[in-house]
A.B. asks: 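One structure is given below, represented as structure tokens, and several questions about it will come after.
What's counted below: heavy atoms across the whole structure, side chains too, no hydrogens, waters or symmetry copies. Naming: A, B, ... by sequence-line order, numbering from 1 per chain. Keep in mind it's a predicted model, so treat the numbers as computed, not measured.
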Number of protein chains: 4
Amino acid sequence: MTEAAPPATSGPRRGRRLTGAQRRQQLLDLALELFAEHGFDGTTVRDIATAAKVTDGLIYRYFESKEALLAEVVGQARERIQLVRAVNLDQPVEHIMRDLLTAFAQGVRDNLTLVELLRLEFRRPAAARPLANLHEEVLVTLAGLFDSLIERGAIAPHDTACAARLVAALAYGFAAIHRNLDDDQWAVALEQFCPFCVGVILYGTASGDASACPIAAPQT
Amino acid sequence: MTEAAPPATSGPRRGRRLTGAQRRQQLLDLALELFAEHGFDGTTVRDIATAAKVTDGLIYRYFESKEALLAEVVGQARERIQLVRAVNLDQPVEHIMRDLLTAFAQGVRDNLTLVELLRLEFRRPAAARPLANLHEEVLVTLAGLFDSLIERGAIAPHDTACAARLVAALAYGFAAIHRNLDDDQWAVALEQFCPFCVGVILYGTASGDASACPIAAPQT
Amino acid sequence: MTEAAPPATSGPRRGRRLTGAQRRQQLLDLALELFAEHGFDGTTVRDIATAAKVTDGLIYRYFESKEALLAEVVGQARERIQLVRAVNLDQPVEHIMRDLLTAFAQGVRDNLTLVELLRLEFRRPAAARPLANLHEEVLVTLAGLFDSLIERGAIAPHDTACAARLVAALAYGFAAIHRNLDDDQWAVALEQFCPFCVGVILYGTASGDASACPIAAPQT
Amino acid sequence: MTEAAPPATSGPRRGRRLTGAQRRQQLLDLALELFAEHGFDGTTVRDIATAAKVTDGLIYRYFESKEALLAEVVGQARERIQLVRAVNLDQPVEHIMRDLLTAFAQGVRDNLTLVELLRLEFRRPAAARPLANLHEEVLVTLAGLFDSLIERGAIAPHDTACAARLVAALAYGFAAIHRNLDDDQWAVALEQFCPFCVGVILYGTASGDASACPIAAPQT
DNA sequence: TATGAATGAGACTTCATTCAT
DNA sequence: CATGAATGAAGTCTCATTCAT
């Protein structure tokens with residue numbers, strides 16, 4: 001990092017005068033961005049300060065240490081993030097599944113910096129627990145969803161914990177594989193991939209039944 | 001890392017006298033291990049030297065710089081790794097799929113340090129290209145496999161590129177989710193998860209057809 | 001010192017509203033305390049401000065700099081301190097000596113923070129001169145006292161400058177040696193030590209004459 | 001501190017190439033000097049490094065931290081220092097006392113940097129214990145000496161613990177009072193002061209008996 | 001081939017001090 | 001009178017890298 005700073009256009013002498021809360025949040029946001037982009041070790045306190053147009057010392061008025069800053073970033077991330085959203089269950093199972101997968105993948109995408117941060121720093125104590133919690137929560141939510149669907153007779157009974165893992169793996173993996181796409185490419189990939197997955201998940205690939213899937217016809 | 005090195009107590013004299021090639025490889029192996037464990041930034045040259053029972057200066061007789069060392073590590077990794085292995089196509093499709101998935105997931109697992117390294121440092125130039133190549137290769141191989149299966153009539157025709165992505169996402173995601181398991185736990189998870197996935201992928205979850213899957217009956 | 005200040009939780013609003021003079025004196029007193037306890041370098045401006053329940057910036061409305069604050073602290077100390085007090089000369093010489101020693105030692109004790117401060121910072125310009133002055137004054141006063149005693153025939157003639165140094169050395173040394181005692185222990189030590197010293201100083205230890213000393217009989 | 005460094009006469013490019021042990025000891029010696037002169041807080045790691053004509057980073061090859069360096073300095077000091085030396089007891093008591101006092105004061109003087117260091121930093125854990133130990137040892141040794149003298153009938157029986165404290169206070173105080181004298185002035189002061197003290201201690205000041213003291217005649 | 005002393009740049013962190021409010 | 005956001009210099013410490021031996 002640390003690309004030569006622009007020669008300070010001597011305009012409003014620096015990003016001065018914010019209230020404590022504002023500055024604090026600004027630093028947290030920038031830190032999240034940078035940590036996710038370059039990793040914790042790859043980001044210097046000065047990088048964050050520079051991004052906020054502020055001197056490095058100031059950071060320590062708000063956070064005890066760089067490590068503490070990370071902890072707060074992760075903590076906030078954890079509160080803010082919600083990967084699996086409520087899905088309207090009163091619709092055909094195909095739509096349910098498609099909505100679920102799309103929303104999940106989109107959730108990962110929308111919180112990509114958070115997810116990347118957690119993924120990169122998962123071994124650091126500050127990040128390990130929140131990550132584990134988040135993960136657990138996702139699996140439980142998904143399993144609950146499948147239980148509901150089975151109860152309603154929408155899908156055949158099966159090991160819902162396993163299914164939750166399958167869907168989570170799919171969504172994580174998909175987001176990971178496509179992390180470098182820009183927003184437009186991503187949207188296209190998502191619209192193609194999710195229905196395809198729904199088709200497979202619901203009707204399998206063995207027979208031609210997948211063609212029975214009403215939401216898509218992903219033939220080559 | 002790096003707990004204050006006592007000033008060289010000239011103990012059982014350092015692990016001297018290896019041939020150049022041996023030493024070189026030893027350093028590459030240790031570097032891989034450490035980079036994957038602590039990240040590039042989190043590993044000091046001294047950490048590697050210490051692990052090799054050698055002084056830090058020596059590293060520079062074998063590698064131009066730490067960055068160059070990483071490049072070689074990644075390069076070697078790329079050569080060594082093979083995530084998708086040949087699968088015997090002359091067996092029921094269920095077994096093919098199960099073997100495929102199992103071998104893939106196991107391949108990720110077996111090369112976990114490599115994969116972790118690539119995953120952690122994927123943004124560093126030294127790692128970015130090899131990772132992209134590896135990824136591409138995996139997708140192509142998988143797609144080719146599915147083409148063969150369709151040709152043989154083993155599965156219904158579909159977007160094999162998409163399917164390749166699905167399987168890759170599944171395998172990556174699964175390995176990611178379970179990266180903390182020890183070998184035994186992993187084996188159990190694998191044996192449970194792969195057949196389940198095969199059932200879903202081949203027969204779907206909509207009807208009870210999955211029970212037709214001969215390799216497993218993962219009912220709750 | 002200085003345990004990470006939480007970013008101003010606007011608690012029971014800081015100890016505001018003192019007149020200028022009051023605040024000034026409060027800061028001087030607290031600075032004395034802290035400088036003596038932790039040394040000049042070991043005390044931060046914020047430590048002082050915090051002790052006064054005031055923000056650090058305020059200090060600079062009253063003092064030009066930290067160094068200037070020290071100078072004033074030392075100056076005031078110098079004015080306030082009086083190590084050797086007037087002693088009633090119309091009593092037996094033993095009582096005179098005992099009173100003298102006791103008062104001196106107690107003077108050091110009572111002004112321990114001042115003395116410690118001077119002792120710790122004696123090399124700093126702000127403290128060097130006052131300390132030298134104080135020292136000189138003490139020696140002169142003591143020597144004068146001995147001159148009086150000799151004049152009165154209370155003690156035999158001798159080098160009173162030397163004697164002054166002896167008594168000063170004794171008192172300083174005693175206070176130094178016992179600086180860690182609490183008030184009770186100190187009182188006991190003082191009551192034991194001073195008469196003993198008086199006995200020695202007046203009658204020596206060579207013969208048994210010390211037992212002639214009427215104020216104490218410090219036999220083992 | 002930190003006076004502008006002389007522009008590096010580009011001679012022997014820097015104080016390079018010493019063996020580990022040599023450099024280590026050099027750093028310890030310089031640190032002792034500087035800590036005693038400016039205090040721990042008043043001495044920067046760079047000051048020490050500069051004094052050794054070395055860069056600051058090097059210090060950390062030999063010591064874990066500045067604090068650890070202090071601890072070793074103090075530890076070594078403690079081993080090296082011996083304030084009270086053996087005194088030849090087969091001579092007149094006046095000579096014994098004079099030798100004792102002179103040697104003690106000289107001991108303090110010779111180890112002034114050590115003593116100053118301990119005195120300045122006595123509150124720091126690294127220095128507190130050694131100082132207390134040293135102090136205790138001195139008092140015990142002195143008391144033992146007086147016991148011997150009493151046994152031999154050289155002086156009258158008295159509280160030897162108290163006497164030890166008296167002598168220690170005298171010697172410390174004397175050295176403290178005269179710490180600013182140069183070596184010549186010091187020698188003069190010592191030769192005047194010690195015999196005087198011996199006279200007082202042995203024969204008192206009450207009568208003219210002090211004049212009986214054969215080793216000095218300190219009249220004004 | 002290998003050591004390990006040494007450097008120098010830069011990291012994190014602290015703190016005296018300034019100044020808008 | 002008082003706050004507290006902000007600076008900038010300096011301090012402790014780390015680490016990739018060089019080089020005499």
A.B. asks: What are the residues of residues 116-129 of chain B, sorted by number, that bring a heavy atom to within less than 4.0 Å of DNA chain F?
C.D. replies: none
A.B. asks: Strictly by side-chain hydrogen bond (donor to acceptor under 3.5 Å, both in side chains), give each pair with a member in residues 27-37 of chain C just once, sequence neighbours left out.
C.D. replies: Gln25(C)-Asp29(C)
A.B. asks: Using side-chain contact (heavy atoms from CB on, under 4.5 Å) as the criterion, list what pairs up with Ala126(A), not counting sequence neighbours.
C.D. replies: Leu70(A), Ala71(A)
A.B. asks: For Ala77(D), give me all partners under side-chain contact (heavy atoms from CB on, under 4.5 Å), at least two apart in sequence or on another chain.
C.D. replies: Leu114(D)
A.B. asks: Run the side-chain hydrogen bond (donor to acceptor under 3.5 Å, both in side chains) test against Arg119(B) and tell me which residues pass, sequence neighbours left out.
C.D. replies: Glu116(B)
A.B. asks: Could you tell me which non-hydrogen atom of Glu121(A) sits nearest to which non-hydrogen atom of Ala127(A), and how far apart they are?
C.D. replies: O-CB, 3.2 Å
A.B. asks: Do the non-hydrogen side-chain atoms of Leu69(C) and Ile48(C) ever get within less than 4.5 Å of each other?
C.D. replies: yes
A.B. asks: Want to settle it: does Phe40(B) or Leu58(B) sit nearer the 5' end of DNA chain F, counting the closest nucleotide to each?
C.D. replies: Phe40(B)
A.B. asks: Mapping Gly57(C) and Val45(A) to their closest nucleotides on DNA chain E, which lands nearer the 5' end?
C.D. replies: Val45(A)
A.B. asks: Between dT12(F), dA6(F), dT17(F), which one does the side chain of Arg46(D) approach most closely?
C.D. replies: dT12(F)
A.B. asks: Dot-bracket for DNA chain F, 5' to 3', counting Watson-Crick or G-U wobble pairs under 3.5 Å, with [ ] for crossing pairs and | for inter-strand pairs?
C.D. replies: .||||||||||||||||||||
A.B. asks: Regarding Phe63(B), tell me which of base, sugar-phosphate or nothing describes its non-hydrogen contacts under 4.0 Å with the strands shown.
C.D. replies: nothing
A.B. asks: In terms of side-chain heavy atoms, does Thr50(D) have a donor or acceptor partner in Asp47(D) at a distance below 3.5 Å?
C.D. replies: no
A.B. asks: Within the structure, does a side-chain N or O atom of Tyr60(A) lie under 4.0 Å from either OP1 or OP2 of dT14(E)?
C.D. replies: no
A.B. asks: Taking donor-acceptor contacts at under 3.5 Å, does the side chain of Arg17(A) reach the base of dA5(F)?
C.D. replies: yes
A.B. asks: For Leu34(A), does its backbone N or O pair with a side-chain atom of Thr43(A) as donor and acceptor, under 3.5 Å?
C.D. replies: yes
A.B. asks: Pick the closest DNA chain E nucleotide for Gly20(B) and for Asp56(C) by heavy atoms, then say which residue is nearer the 5' end.
C.D. replies: Gly20(B)
A.B. asks: Considering just the side-chain nitrogens and oxygens of Thr55(B), establish if one lies under 4.0 Å of OP1 or OP2 belonging to dG4(E).
C.D. replies: no
A.B. asks: Given atom CD1 of Ile59(A) and atom P of dT7(F), what is their separation to the nearest angstrom?
C.D. replies: 11 Å
A.B. asks: If you only use heavy atoms from C-beta on, which nucleotide in dT14(E), dA16(E), dT12(F) is closest to the side chain of Thr44(C)?
C.D. replies: dA16(E)
A.B. asks: Is it true that Arg124(A) and Asp41(A) make a salt bridge, defined as a side-chain N closer than 4.0 Å to a carboxylate O?
C.D. replies: yes
A.B. asks: Does a nitrogen or oxygen in the side chain of Tyr62(D) sit under 4.0 Å from OP1 or OP2 of dA6(E)?
C.D. replies: yes
A.B. asks: May I ask you to evaluate whether Arg61(D) reaches the phosphate of dA5(E), defined as a side-chain N or O under 4.0 Å from OP1 or OP2?
C.D. replies: yes
A.B. asks: Answer yes or no: is there a donor N or O on one side and an acceptor on the other, between the side chain of Lys66(D) and the main chain of Phe40(D), under 3.5 Å?
C.D. replies: yes
A.B. asks: Separation of Leu70(B) atom CG from dC15(F) atom P, in whole Å?
C.D. replies: 17 Å
A.B. asks: Take atom CG of Leu69(D) and atom P of dT12(F), then tell me their distance rounded to the nearest Å.
C.D. replies: 11 Å
A.B. asks: In whole angstroms, how far is the C1' atom of dG4(F) from the CD atom of Gln22(A)?
C.D. replies: 14 Å
A.B. asks: Without decimals, in angstroms, what is the distance between Asp41(A) CG and dG10(E) C1'?
C.D. replies: 15 Å
A.B. asks: Can you tell me the distance, in whole Å, between the CG atom of Leu27(D) and the P atom of dC13(F)?
C.D. replies: 14 Å
A.B. asks: Judged by each residue's nearest nucleotide on DNA chain F, which is more toward the 5′ side, Glu64(B) or Glu67(D)?
C.D. replies: Glu67(D)
A.B. asks: Could you tell me how far apart Leu18(A) (CG) and dG4(F) (C1') are, to the nearest whole angstrom?
C.D. replies: 13 Å
A.B. asks: In whole Å, what is the span from the CZ atom of Phe35(A) to the P atom of dC12(E)?
C.D. replies: 9 Å
